[in-house]
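Chain letters run A, B, ... following the sequence lines, proteins first, then strands; residues in each count from 1.
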2 protein chains.
Amino acid sequence: MTRQEATHTQRIPLNRDRVLRAAVALADATGIDALSMRRLAQELDVVPMALYKHVANKEELLDGMADAVVGEIDPPAAGPDWRRVVRGRILSARRVLLRHPWAARVIESRTGPTPAVLAYLDTMAGSFREGGLSADLTHHVMHAMGSRLLGFSQELFDTSGPSGPPDPALAARYPHIAELAATAAHDGGSTVGGGCDDQFEFEFALDLLLDGFETLRRQGWTSERKA
Amino acid sequence: MTRQEATHTQRIPLNRDRVLRAAVALADATGIDALSMRRLAQELDVVPMALYKHVANKEELLDGMADAVVGEIDPPAAGPDWRRVVRGRILSARRVLLRHPWAARVIESRTGPTPAVLAYLDTMAGSFREGGLSADLTHHVMHAMGSRLLGFSQELFDTSGPSGPPDPALAARYPHIAELAATAAHDGGSTVGGGCDDQFEFEFALDLLLDGFETLRRQGWTSERKA
DNA sequence: ACTCTAGGTGTACGGCGTACACTCGTCAAG
DNA sequence: CTTGACGAGTGTACGCCGTACACCTAGAGT
């Protein structure tokens, strides 16, 4: 403590958690494409190679980031109606994913499930089972939900955009799309999907699926395929 | 024609189409991660910068590849049952995407819809409309299908893998997942999702959605939200 | 006092996308 | 036949990336 105590506050030593948090913050702020090991190191006032004492490589960094985000999802609420329980939790996941727009792509790009994702899926499966769905049906149901389980509906293209006036040439080439765009006539029509209420679309599909599952459950549905 | 006519067949000049086809073939063969401008140029016996006379940059190359793949999807068959028409076309899309496993990720990563994708979605919307769904319902229905429209069910994690014996420690930590895995007991049980019949899962969700849509159509469903 | 070690450093390598200036063959206009 | 424009392919170079590897250093345990 003899010298250089005031020039800059002495460093808190790095650790895996600080690295992951900084990475998430950086991705939130500048987008996932701008997240490089070098840029992240710079954000932490450290030389790039220092990061490798805490994460094995960039893939593992991304694994950790995915887990951190999934860990933000609320646990399932208690309740007698399994559809409400599942619906609420998925909407919580959706809120988390909207806070971290890069996360959907990162989660998808993981080659294997990370621990937090496994834990999430496990309790989700538990909610279905507790609601009375057979293990068999639960299995197919979770596949059917796909990435919607984690709150992203996989919107093919981001619905934001310049949203100029409808292009008549485009409308001529793609008449049906133009018709749909015209139908979504609220706060500024746009070309293909702009002006849609994403939340509504998400819940529309979610409820359609949950209702379908409930119908199958009541019917005692089973996959009677043999081998 | 005086010299070097036999050393190597004289070059067919490059063009955009040859570049795209080579890129698709290279991605098919070696994976999308191994597709670099330099590697592609090498495959075409050309210096890397030569490619830039035919595509503006790598993003545009990927756009072109996505379009080439989407162009492989069959046009809709004719028929009175809209569900059969849509179902058949989507399964065609799925076959295409299975031929080009990298394509789903590439299509997702496009920031805007490419012409072939627009054309595909347009005729798909046409099939719904012709089946008697309102423009309103068609709109939401297409959102609900999400990427399934293009044949990929977004399987969160690839179902292939080492597929070792079920890990008892994992089973203890994730009991519900273990139960589901045990249920999918055919040709070799695996840890989380292995051993599933992907095609079955895809069609399960597809048919659940299509049946739900048909029910809504018969009910004259409309989104009566105001503003 | 000595060693061990965890964490941070510095240098370097190979690969990437691509900007920019160039060469060269073809072909139409003069 | 000359010439000049032009489109296709070339060569060099820059800045970024992830990360291997050797090194240093401060503090803890003996």
Value in whole Å for how far the [atom2] atom of [N] lies from [atom1] of [X]:
X        : N       : atom1 : atom2 : value
Arg39(A) : dC17(D) : CZ    : P     : 9 Å
Leu51(B) : dT10(D) : CG    : C1'   : 12 Å
Gln42(A) : dG8(C)  : CD    : P     : 17 Å
Asp33(B) : dC16(C) : CG    : P     : 12 Å
His54(A) : dT5(C)  : NE2   : C1'   : 14 Å
Leu61(A) : dG18(D) : CG    : P     : 10 Å
Leu35(B) : dG15(C) : CG    : P     : 16 Å

Solution key, residues 36-43 of chain A side-chain donor-acceptor pairs under 3.5 Å, sequence neighbours excluded:
from, atom 1, to, atom 2, distance (Å)
Ser36(A), OG, Arg39(A), N, 3.0
Arg39(A), NH1, Glu43(A), OE1, 2.6

| Counting only heavy atoms not in Arg173(A), do more than 12 sit closer than 6.0 Å to its CZ atom? | no

Enumerate donor-acceptor pairs with a distance under 3.5 Å from any side-chain N or O in residues 100-107 of chain B to protein atoms, sequence neighbours excluded.
from, atom 1, to, atom 2, distance (Å)
His100(B), ND1, Asp28(B), OD1, 2.8
His100(B), ND1, Asp28(B), OD2, 3.0
His100(B), NE2, Glu72(B), OE1, 3.1
His100(B), NE2, Glu72(B), OE2, 2.9
Trp102(B), NE1, Asp28(B), OD1, 2.6

| request: Would you please say whether a donor-acceptor pair under 3.5 Å links the side chains of Asp67(A) and Thr114(A)? | output: yes

| Arg94(A) to Phe202(A) six-membered ring, cation-pi geometry met (6.0 Å, 45°) | yes

| remark: Contacts of Asp17(B) meeting salt bridge (Lys or Arg N to Asp or Glu O under 4.0 Å) (sequence neighbours excluded), chain-then-number -> Arg21(B)

| message | Could you tell me if the side chain of Phe204(B) sits less than 4.5 Å from the side chain of Leu137(A), heavy atoms only? | response | yes

Side-chain atoms of residues 115-122 of chain A: list all donor-acceptor pairs with protein atoms under 3.5 Å, sequence neighbours left out, distances to 0.1 Å.
from, atom 1, to, atom 2, distance (Å)
Tyr120(A), OH, Leu149(A), O, 2.6
Asp122(A), OD1, His176(B), N, 2.9
Asp122(A), OD1, Ile177(B), N, 2.9

| field | DNA chain C contacts among residues 18-30 of chain A, heavy-atom distance under 4.0 Å | value | none

Between the protein and nucleotides 19-26 of chain D, which nitrogen or oxygen pairs are less than 3.5 angstrom apart?
from, atom 1, to, atom 2, distance (Å)
dT19(D), OP2, Tyr52(A), OH, 2.9
dT19(D), OP2, Lys58(A), N, 2.9

